[in-house]
There are 2 protein chains.
Amino acid sequence: MKRTSRDIRTANRYEVLRQIIAESPTSRQELAAATGLSLATVATLVGELLELRMITEVGFEDSAGGRPRGLVAVNSSGGALIGVDIAETYVHVELFDLGLNVLARAEEDVRASESLPEQVVGHVATAVGSVVTQAGIEGARVLGVGVSVPGQVDRATGTSEYAPNWDWHDVPLLDLLTEHIAYPLHLDNPLRASAVAELWFGAARGRGNAVVVNLGTGVGAGLVLGGALHRGVSNSAGEWGHTTMVLDGRLCRCGNHGCVETYVGARGIMLNLREVGPDSPLLHPDDQTATIDALARGLATGDPVARRAVHETARYLGAGVADLVNLFNPEIVVLSSWVARTLGEPLLHEVREAVNRHALPRPLAATEIVLSPIPTDPVCLGAATFALEGALQVVGQKNGKRTAPPRSRAAAPPS
Amino acid sequence: MKRTSRDIRTANRYEVLRQIIAESPTSRQELAAATGLSLATVATLVGELLELRMITEVGFEDSAGGRPRGLVAVNSSGGALIGVDIAETYVHVELFDLGLNVLARAEEDVRASESLPEQVVGHVATAVGSVVTQAGIEGARVLGVGVSVPGQVDRATGTSEYAPNWDWHDVPLLDLLTEHIAYPLHLDNPLRASAVAELWFGAARGRGNAVVVNLGTGVGAGLVLGGALHRGVSNSAGEWGHTTMVLDGRLCRCGNHGCVETYVGARGIMLNLREVGPDSPLLHPDDQTATIDALARGLATGDPVARRAVHETARYLGAGVADLVNLFNPEIVVLSSWVARTLGEPLLHEVREAVNRHALPRPLAATEIVLSPIPTDPVCLGAATFALEGALQVVGQKNGKRTAPPRSRAAAPPS
DNA sequence: ACACTTTATAAAGCCCCTTTCCGAACCCCT
DNA sequence: AGGGGTTCGGAAAGGGGCTTTATAAAGTGT
């Protein structure tokens with residue numbers, strides 16, 4: 001709320017590092033041109049990052065006759081970031097170097113019976129331990145762990161205020177995790193994680209206004225407004241999945257009727273498929289992943305039922321995305337998460353058509369709709385990005401009276 | 001996009017003046033407490049405003065034993081602001097002093113046959129001339145004119161990109177107005193005008209995140225995000241009225257089906273009324289205002305048809321507002337414009353109930369829903385506020401190379 | 001070698017906010 | 001009436017940021 005010149009510095013630091021990660025190696029000149037900052041400012045920021053060992057100098061580049069440009073690149077061995085994607089049926093953990101390349105992965109299955117926070121936290125702890133040993137990183141090099149948990153998250157207290165799949169209410173997740181994980185922790189939800197991933201490394205890079213539409217089992221929108229993530233007043237902005245699209249429509253697990261999620265979430269798509277082809281072999285009644293995969297294969301082979309099901313889904317999704325376009329007037333809408341990745345171009349194509357029909361001309365003209373270009377799990381990447389942001393945040397505060405870091409605490413190892 | 005420390009200064013200047021207008025007279029101490037700024041900063045900002053003659057010193061106040069506090073107040077005679085509300089059937093103009101008190105009003109009827117831009121501009125020019133002479137202000141004292149025109153507005157070029165009611169396309173409205181009006185002009189649309197009015201003087205004051213829902217003939221949402229108006233990338237954010245609420249629902253004038261506007265706009269309410277009471281005497285088929293007025297009276301007298309019609313409307317409106325709450329997670333939702341004012345508390349009550357049913361608990365808990373407390377035409381007030389912001393903007397740039405002011409041009413009088 | 005070009009760093013200047021200090025203004029008490 | 005205490009308001013100093021300008025460093029070309 002209260003802006004200070006320090007915020008400018010932080011934003012610039014982000015911007016410069018972002019640029020270096022995106023285009024490594026690069027010169028100070030390029031950075032200045034890309035960020036719009038002066039050479040001097042870039043130089044000092046680069047100096048800071050060098051100091052932090054997050055980047056290194058990696059040689060020189062010819063410069064039409066003068067002193068050669070010094071090149072800097074991400075220092076891959078300067079630290080590691082861990083992203084944790086907690087989902088309904090699995091815990092997925094990835095360890096990244098500072099270039100945000102995956103160095104190690106671990107996945108734990110979460111059975112339906114394991115709905116207790118302690119059980120889930122156990123899986124997280126195991127997986128985090130696993131990636132650290134896999135990568136052979138000393139603990140000190142881990143700059144932070146970002147954790148994404150579904151539902152509503154209160155970052156101030158580090159609690160999972162509500163997680164629909166396990167019916168968690170006010171679970172002090174950060175405290176539980178702190179007992180097992182001795183690195184700085186950052187908690188948020190998948191919506192915001194994938195939005196941040198797009199903002200730093202994906203299709204929303206350099207865009208001031210973007211909407212990241214998450215199509216998975218759950219559905220939501222990550223909002224980038226004015227160049228930064230919009231969280232709303234209680235960190236629950238973007239709950240697009242439970243927005244009404246058809247008044248008195250399909251029953252949603254949230255208790256309402258006609259929510260967007262019931263038409264374009266994985267379960268909703270299954271219903272759409274059933275409606276256009278009740279006996280279709282594509283339908284695996286109890287397996288979302290299998291059904292969506294089958295649907296994708298059906299599209300590839302020209303199965304008419306698959307085509308109709310996707311067309312129908314796109315009709316709903318297009319209307320919903322058009323709503324977002326009208327409301328936010330973004331530069332870009334990114335379709336992300338596994339359903340979008342699986343159905344890919346055919347879905348995108350149909351959605352664009354539907355949006356063209358529904359959105360108002362002026363906002364429509366300014367908006368691009370694309371699939372997420374991020375090849376790995378965007379939630380892990382985004383969670384790791386939260387950790388990266390956290391690590392950069394710390395730079396700002398000089399030694400001495402440091403304001404309490406925003407609830408990302410480097411806990412002492414369990415005694 | 002690019003933030004500079006100057007923006008901080010501008011925001012603080014706004015904040016201080018806002019506070020003075022809200023609570024006049026007031027002391028520097030109070031201002032510092034209210035804005036969170038240091039006494040010194042407040043003092044310099046107050047100094048600036050005094051220099052500009054926008055405020056004056058108006059005496060002293062006792063201070064528990066020490067030196068008395070100097071009091072400052074808005075300098076009513078320090079200038080005038082004009083707000084112009086162009087609507088489908090009328091042009092409404094108000095002239096304000098710097099305390100945003102109405103000094104003069106003028107209204108021109110626009111007949112259905114007068115859809116040419118030149119005709120509308122003629123009405124505006126007449127009304128503006130009228131309020132200036134009514135108020136007996138010398139022209140030099142008019143600090144600016146804010147103009148609100150329905151539809152999509154391009155502020156960069158000063159054109160009305162699209163106005164649905166008159167089917168205007170790319171009308172260079174600012175150029176046309178400049179020929180008749182010799183004061184600095186600021187163009188935008190009613191959505192943003194009323195949002196700014198709430199932000200400065202209404203229910204959104206001091207709130208970082210607010211949604212101003214406009215219920216009139218047309219419907220839209222003004223968005224205040226992060227303490228400032230959210231415009232989107234092409235100044236058309238907030239087009240909530242053409243968001244789909246019922247897929248394949250009622251036909252909208254925009255060509256789509258099931259838009260929010262067709263259920264909660266004035267015409268939509270008339271349809272709701274017809275559905276619950278086809279023969280109701282409340283219905284004036286060709287007169288929106290008369291119908292809504294009758295509906296309000298019906299509510300007051302306990303007419304069951306009126307009650308049911310409003311209940312039905314609130315059902316739609318509640319679902320729509322719940323969507324906004326879920327998406328934006330605002331601190332406050334303000335219901336504004338004439339339909340909301342006319343139906344008042346009964347509507348508010350029903351809407352709250354409906355929102356409670358539809359919104360997710362966490363965003364819901366953080367959100368307040370209120371009627372606009374602004375007693376006059378919020379669009380005029382908001383338009384005038386644009387002019388005020390424009391006048392304050394100019395302070396920033398010292399003499400010398402001033403960057404071109406953002407398309408608010410003080411034109412030479414017609415030669 | 002010397003001039004010229006280009007890069008990187010250092011210095012100076014400006015803007016913004018805050019903290020600190022001190023004179024001014026007023027109260028109350030003696 | 002004259003001090004002491006209290007509070008206000010302005011000026012100065014300090015810290016953080018960014019930019020422009022100057023200077024040093026490192027090349028190329030003649």
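Letters go in sequence order (proteins before strands), and every chain restarts at 1.
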Novice: Give the rounded distance in Å between these two atoms: CD of B/Glu61 and C1' of D/dG9.
Specialist: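 B/Glu61 atom CD is separated from D/dG9 atom C1' by 15 Å.
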Novice: What is the distance, to the nearest angstrom, from the CD atom on A/Glu48 to the P atom on C/dT9?
Specialist: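 The distance from CD of A/Glu48 to P of C/dT9 comes to 14 Å, rounded to the nearest Å.
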Novice: Among residues at least two apart in sequence or on other chains, which ones pass ring pair (Phe, Tyr, Trp, His ring centres under 6.0 Å) with A/Phe201?
Specialist: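 Result, ring pair (Phe, Tyr, Trp, His ring centres under 6.0 Å) vs A/Phe201: none returned.
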Novice: For B/Ser236, which residues count as a side-chain hydrogen bond (donor to acceptor under 3.5 Å, both in side chains) partner, sequence neighbours excluded?
Specialist: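 Per chain and number, B/Ser236 pairs via side-chain hydrogen bond (donor to acceptor under 3.5 Å, both in side chains) with A/Asn329, B/Ser234.
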Novice: side-chain hydrogen bond (donor to acceptor under 3.5 Å, both in side chains) with B/Asn209: which residues, sequence neighbours excluded?
Specialist: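 Expected list: none.
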Novice: Which pairs, protein N/O on one side and nucleotides 27-30 of chain D N/O on the other, fall under 3.5 Å?
Specialist:
unit_1: D/dG27; atom_1: N2; unit_2: A/Gly65; atom_2: O; d: 3.2
unit_1: D/dG27; atom_1: N3; unit_2: A/Gly65; atom_2: O; d: 3.3
unit_1: D/dT28; atom_1: O4'; unit_2: A/Gly65; atom_2: O; d: 3.2

Novice: Report the distance from atom CG of B/Leu50 to atom C1' of D/dG10, rounded to the nearest whole Å.
Specialist: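 For the pair B/Leu50 CG and D/dG10 C1', the rounded distance is 13 Å.
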Novice: Side-chain N or O of A/Arg69 less than 4.0 angstrom from OP1 or OP2 on C/dT7?
Specialist: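 Yes, because at least one side-chain N or O of A/Arg69 sits under 4.0 Å from OP1 or OP2 of C/dT7.
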Novice: Please determine whether a side-chain nitrogen of the Lys or Arg among A/Arg9 and A/Glu48 lies less than 4.0 Å from a carboxylate oxygen of the Asp or Glu.
Specialist: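 Yes.
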Novice: In whole angstrom, give the distance that lies between atom CD1 of A/Ile8 and atom P of C/dC15.
Specialist: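 Nearest whole value for this atom pair: 15 Å.
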Novice: Find the distance A/Asp7:CG to D/dG15:P and express it as a whole number of Å.
Specialist: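 Taking atom P of D/dG15 as the reference, CG of A/Asp7 is at 20 Å.
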Novice: Rounding to an integer number of Å, can you tell me how far A/Leu39 CG sits from C/dA11 P?
Specialist: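 The answer, rounded to whole Å, is 17 Å.
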Novice: Between D/dG16 and A/Arg9, is there an OP1 or OP2 to side-chain N/O distance shorter than 4.0 Å?
Specialist: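 Looking at the OP1 and OP2 atoms of D/dG16, neither is under 4.0 Å from any side-chain N or O of A/Arg9.
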Novice: Got a sec? Which of residues 22-30 of chain B come in under 4.0 Å of DNA chain D, heavy atoms?
Specialist: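 Within residues 22-30 of chain B, the residues near DNA chain D are B/Arg28, B/Gln29.
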Novice: Check side-chain hydrogen bond (donor to acceptor under 3.5 Å, both in side chains) between B/Asn12 and all other residues, then give those that pass, not counting sequence neighbours.
Specialist: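 Result, side-chain hydrogen bond (donor to acceptor under 3.5 Å, both in side chains) vs B/Asn12: none returned.
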Novice: What bend angle does the helix from C/dA1-D/dT30 to C/dT30-D/dA1 show across its length, from five-pair end axes and to the nearest 10 degrees?
Specialist: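 For the helix from C/dA1-D/dT30 to C/dT30-D/dA1, the axes at opposite ends meet at about 30°.
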Novice: According to a strict under-4.0 Å criterion, is A/Asn12 in side-chain N/O contact with OP1 or OP2 of D/dC18?
Specialist: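 Answer yes for this pair, as a side-chain N or O of A/Asn12 is under 4.0 Å from OP1 or OP2.
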Novice: Among pairs that include at least one residue of residues 16-28 of chain A, which meet side-chain hydrogen bond (donor to acceptor under 3.5 Å, both in side chains), considering only residues two or more places apart or in two chains?
Specialist: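 Applying side-chain hydrogen bond (donor to acceptor under 3.5 Å, both in side chains) to every pair that reaches into residues 16-28 of chain A, excluding sequence neighbours, yields A/Thr26-A/Glu30.
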Novice: Please list, chain by chain and in numerical order, all residues satisfying side-chain contact (heavy atoms from CB on, under 4.5 Å) with A/Ser76, sequence neighbours excluded.
Specialist: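 If we apply the side-chain contact (heavy atoms from CB on, under 4.5 Å) test to A/Ser76, skipping adjacent residues, the hits are A/Asp97.
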Novice: Within less than 4.0 Å of OP1 or OP2 of C/dC17, is there a side-chain N or O belonging to A/Thr4?
Specialist: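 Looking at the OP1 and OP2 atoms of C/dC17, neither is under 4.0 Å from any side-chain N or O of A/Thr4.
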Novice: Give the intermediate values and the outcome of side-chain hydrogen bond (donor to acceptor under 3.5 Å, both in side chains) for residues B/Thr41 and B/Ser38.
Specialist: CA-CA 5 Å; B/Thr41 302; B/Ser38 74; 3.1 Å; yes
Novice: Nearest of D/dC18, D/dT20, C/dT9 to any side-chain atom of A/Ala43?
Specialist: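 Minimum distance to the A/Ala43 side chain belongs to C/dT9.
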Novice: Between B/Glu389 and B/Arg13, is there a salt bridge with N-O shorter than 4.0 Å?
Specialist: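 Salt bridge absent between B/Arg13 and B/Glu389.
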Novice: For B/Glu57, give me all partners under side-chain hydrogen bond (donor to acceptor under 3.5 Å, both in side chains), at least two apart in sequence or on another chain.
Specialist: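 Per chain and number, B/Glu57 pairs via side-chain hydrogen bond (donor to acceptor under 3.5 Å, both in side chains) with no residue.
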Novice: Check salt bridge (Lys or Arg N to Asp or Glu O under 4.0 Å) between B/Asp188 and all other residues, then give those that pass, not counting sequence neighbours.
Specialist: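 With sequence neighbours excluded, B/Asp188 shows a salt bridge (Lys or Arg N to Asp or Glu O under 4.0 Å) to B/Arg155, B/Arg192, B/Arg231, given in chain and number order.
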Novice: Can you tell me the distance, in whole Å, between the CD atom of B/Glu57 and the C1' atom of C/dA25?
Specialist: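 Rounding to the nearest Å, CD of B/Glu57 and C1' of C/dA25 are 14 Å apart.
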Novice: Taking only residues two or more places apart in sequence or in another chain, which ones pass side-chain contact (heavy atoms from CB on, under 4.5 Å) with A/Ala210?
Specialist: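 Partners of A/Ala210 by the side-chain contact (heavy atoms from CB on, under 4.5 Å) criterion, ordered by chain and then number, come out as A/Ala204, A/Val224, A/Ile332.
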Novice: Rounded to the nearest angstrom, tell me the gap between atom CG in A/Leu45 and atom P in C/dA8.
Specialist: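 In whole Å, C/dA8 P and A/Leu45 CG are 15 Å from each other.
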Novice: Reckon B/Gly47 touches a base, only the sugar-phosphate, or nothing at all at heavy-atom distances under 4.0 Å?
Specialist: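 Here B/Gly47 touches no strand at all.
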Novice: Does a nitrogen or oxygen in the side chain of B/Ser5 sit under 4.0 Å from OP1 or OP2 of C/dC16?
Specialist: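 Checking B/Ser5 against C/dC16: no side-chain N or O falls below 4.0 Å of OP1 or OP2.
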